[in-house]
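Here's the structure, in structure tokens; my notes come after.
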Amino acid sequence: RLFRELSGPLHKKVAFSEVPYVGRGSVRNFHSDILVPGRVIRAPSLTVSADTKGMVISGQGQIGQVPFDVTFSQGFGAEANGRSRIEGSVTLSQTTAEEFGLGLPAGMVSGQGQGEVEIDLVKGSPGRLRLVSDLNRIGLTIPELGCSKPAAGRGRLEAVVQLGQPPKVERLVLDAAGLEAKGAVTMRAAGGLDLARFERVTLDGWLDGAVEIKGRGAGKDVALAVTGGSVDMRRMPDASARKSSGRGGVPISLRLDRLR
């Protein structure tokens, strides 16, 4: 459904730029696997507006399996150069981490919160996503390290992801429950984590080093490696607080510069 308003001069050979217009309407049962390459977008109803400068589409729906409430904007003319942007909010959960290839091990995330998202799109190229969340209402658990964030707590998650197939996390920052980590993530072509490499991880004063998390395939725990830095065993959680997730145990390797 579309409503249009047109106006312009009444003379011969009227140029398109001389005809200002405004269009408003709605789209029902929207479906696209082209807008964001590698992702299917669905929405029951979207609002559309357009004028001589560009087009804006907004509403609620899903990107893959992740609910969203976003606005898509695209300018008209040569200056737009095939570029557009999606901005808004998404539901943040374990499903979101898997959909966008954030490399967080299965079972690490519980609950549902909100994340702010921006996706920059260039015609013919994978989208580039930036996701930021305060992690409110999100629980995080890394049992092998005795690390746990309750859903009622807050923190910060920031991710920059190239949305290809597979997605590639160019930057991942996590700050929650005494854990600070900065790194990048690659995923396997068939799905699942390949390697999450963090150049620095600090945890509750007992760990300060470089960490790698290696995927080992479906149904298996990841492998954890500390590839440099220091561990202070005097400050480590008791063994009773450090548990495997129960699928055969997590292989852990250490190559430290200092052990106390």
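None of the values given here were measured: they were computed from a predicted structure. Residues take their numbers from the sequence shown, with the count starting at 1.
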Which atom names give the shortest non-hydrogen contact between [X] and [Y], and what distance separates them?
X	Y	value
R137	G113	NH2-CA, 4.1 Å
G101	M187	O-SD, 3.7 Å
G61	P44	CA-CD, 4.5 Å
D221	R216	O-NE, 2.8 Å
K149	G155	CE-N, 4.3 Å
A181	F198	CB-CD2, 3.8 Å

Say you draw a straight line from [atom1] of [X] to [atom2] of [Y]; how long is it, rounded to the nearest 0.5 Å?
X	Y	atom1	atom2	value
E98	Q65	CD	CD	10.5 Å
R83	S125	CZ	OG	8.5 Å
T202	D175	OG1	CG	8.0 Å
S148	I142	OG	CD1	9.5 Å
S89	Q114	OG	CD	5.0 Å
I119	L129	CD1	CG	4.5 Å

Walk me through it: do D194 and K214 pass the test salt bridge (charged side-chain N to carboxylate O under 4.0 Å, His left out)?
CA-CA 6 Å; D194 178 29; K214 180 71 174 178; 2.9 Å; yes

Can any side-chain N or O of D51 pair as donor or acceptor with the backbone N or O of G54 at less than 3.5 Å?
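Side chain of D51 to backbone of G54: a pair is present.
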
Determine whether a donor-acceptor pair (N or O, by modelled atom type, separation under 3.5 Å) exists between the side chain of S49 and the backbone of R24.
no

Under 4.5 Å between side-chain heavy atoms, hopping through other hydrophobics if needed: is there a path connecting [X] to [Y]?
X	Y	value
L203	I252	yes
I213	L256	yes
L157	V132	no
F76	V56	no
L35	L131	yes

How far apart are the C-alpha atoms of V160 and L172, what are their side-chain angles, what is the distance that settles it, and do they pass the side chain to side chain contact (heavy atoms under 4.5 Å, CB included) test?
CA-CA 7 Å; V160 177; L172 180 65; over 6 Å; no

Could you tell me whether the side chain of [Y] reaches within less than 4.5 Å of the side chain of [X], counting heavy atoms only?
X	Y	answer
P167	R39	yes
F30	R42	no
F100	V169	no
V231	W206	yes
R260	R234	yes
V90	P67	no
V173	K182	yes
R197	E212	yes

More than 12 heavy atoms from other groups under 6.0 Å of [atom1] on [X]:
X	atom1	value
K168	NZ	no
I34	CD1	no
R188	CZ	yes

Using the side chain to side chain contact (heavy atoms under 4.5 Å, CB included) rule, take E87 and F72 through it: C-alpha gap first, then chi angles, then the decisive distance, then the call.
CA-CA 7 Å; E87 297 177 282; F72 168 86; over 6 Å; no

I'd like to know if the side chain of T227 pairs up with that of R255 as donor and acceptor (distance under 3.5 Å, no hydrogens or angles considered).
no

Distance-only donor-acceptor check, side chains T47 and S58, under 3.5 Å
yes

Report the C-alpha separation of E99 and T96 in whole Å, then their side-chain angles, then the decisive distance to 0.1 Å, and conclude whether the side chain to side chain contact (heavy atoms under 4.5 Å, CB included) test is met.
CA-CA 5 Å; E99 182 72 40; T96 310; 5.6 Å; no

Is R85 salt-bridged to D120, cutoff N-O under 4.0 Å?
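Looking at R85 and D120, the cut-off is met.
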
Dump the intermediate steps for salt bridge (charged side-chain N to carboxylate O under 4.0 Å, His left out) on R130 and E116, then the final yes or no.
CA-CA 8 Å; R130 182 174 183 265; E116 299 301 312; over 6 Å; no

Steps toward side chain to side chain contact (heavy atoms under 4.5 Å, CB included) verdict (V36, I86)
CA-CA 10 Å; V36 180; I86 297 172; 3.9 Å; yes

Worked verdict on E158 versus R156 for salt bridge (charged side-chain N to carboxylate O under 4.0 Å, His left out)
CA-CA 7 Å; E158 180 180 342; R156 181 171 178 83; 3.3 Å; yes

